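Here's the structure we're looking at; comments come further down.
In what follows, chains carry the letters A, B, and so on, assigned in the order in which the sequence lines appear, proteins first and then strands, with residues in each chain numbered from 1. This one's a predicted model, so the numbers in the text were calculated from it and none came from an experiment.
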Amino acid sequence: AMDRVPLRRVPSIRSQLRAQGLLEDFMKDHSPDMFNRRYAQCYPPGTP
Amino acid sequence: SLRLGRSSEKIYNFMDAQYFGEISVGNPPQNFSVIFDTGSADLWVPSSYCVSHACALHRRFKAFESHSFHHDGRTFGIHYGSGHLLGVMGRDTVKIGQLVTLNQEFGESVYEPGSTFVTAKFDGVLGLAYQSLAEILGNPVFDNMIAHKIVDEPVFSFYLSRRTKTSTPEGELLLGGIDEALYTGPINWLPVSAKGYWQIKMESVAVQGVSSFCPRGCQAIVDTGTSLIGGPTNEILILQQLIGATPTNIGEFLIDCGRLSSLPHVTFILGGKEYTLTSEHYVRKEMFGNRDLCFSGFQAIDIVSPEGPLWILGDVFLTEYYSIFDRGHDRVGLARA
């Protein structure tokens, strides 16, 4: 009752967009959102 | 979130995720690649009914082909950068390696707006955090594995390698135990301080041996779904200055690749033990054209928790340290990978 799951490492979405020259436009197009602000926010249960 | 009567909301960042593995859903099994994310608690994959461009480029779950599928009828929504992923909930058999979970609640996304997922190499996400973070009603996958005694021990562990594709393994998730071949030295056990994320207390962060951040202690989460090391904006900006990183117009921080050997060490103090990263560890190199670009492995992320602002120990940290997530004792173990 134990199992190994092999994990693969691939270029991130950011890396692929950068390689395609699309990252800057992507960031601008998705404003205002977490990508432009470079963070995610979470308000866990119990947070006023 | 209002439907669930909660004020909480997780916003996912899939932009930097790099490690994923295979699972199957349904009977006969339908395969999907998913991020195994300790920073969330839901399982979702694209639905065959999804008509978004992103779905067209990924494997989609065909509920009508599964003999074991149970329709739920409720909807769920997961917020991410530019939009709101929408889906419907269902139950079906989920297989991870040889471990089979029957009647697992999961989400089928029917709407994936924007272009975020278009280039994603993964189809969905399998969350491994505590149930309190779940958007989808029902037990998260690992909770069900524990409840139905599918795993011997209520423990899973991650090995993430920085090595290139020519070497194997690039990473491993071990469900139900610890792989002693993948780490050296003793395991340092850290109690979970809040059961949502895999959240632990961090004593301080030092730059070149000098305690610079959270000198009275702070909170950190161990998050395999995040690529970089995150921290409160004010502190990360100072840290970027200390390592000589320069901001770009899209909010990334560049470092001169020629200066790596002269950059300071950054040390995280956890459970009285020092976890030191050199510049080789915390700088990410990417080829752009025919030259290397060096990026800071730190990012500003303001996450509020009742215990205070959170730091996030993502892949940049976890590639150096084998991580063990122990639900039986609600603790995280770290050892040199």
With a 4.5 angstrom heavy-atom cut-off, is it the side chain or the backbone of [X] that approaches chain A, or both, or neither?
{"X": "B:I312", "answer": "neither"}
{"X": "B:F156", "answer": "neither"}
{"X": "B:Q98", "answer": "both"}
{"X": "B:I150", "answer": "backbone"}
{"X": "B:L160", "answer": "side chain"}

Side chain, backbone, both or neither of A:L22 within contact of chain B (heavy atoms, under 4.5 Å):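 Neither; nothing under 4.5 Å.
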A:S12-B:Q18 side chain donor-acceptor pair, cut-off 3.5 Å: no
Pair B:S296, B:Q240: side-chain N/O donor-acceptor within cut-off below 3.5 Å: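 B:Q240 and B:S296 do have a side-chain donor-acceptor pair below 3.5 Å.
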pair B:Y159-B:L174: side-chain heavy atoms closer than 4.5 Å: no
Among the listed options A:Q16, A:R8, A:M2, the residue most often paired with chain B at heavy-atom distances under 4.5 Å: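 Sorted descending by pairs with chain B, the first entry is A:R8.
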Residue list, side-chain hydrogen bond (donor to acceptor under 3.5 Å, both in side chains) with B:E307, at least two apart or on another chain: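 Here the qualifying residues are B:Q199, B:S305.
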Separation of B:T38 OG1 from B:I221 CD1 (nearest 0.5 Å): 7.5 Å
B:E252 with A:R14: basic N within carboxylate O range, under 4.0 Å: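 Salt bridge flag = yes for A:R14 with B:E252.
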Leading residue by heavy atom contact count with chain A [cutoff under 4.5 Å; candidates B:G171, B:S33, B:G176]: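 Option with the greatest count: B:G171.
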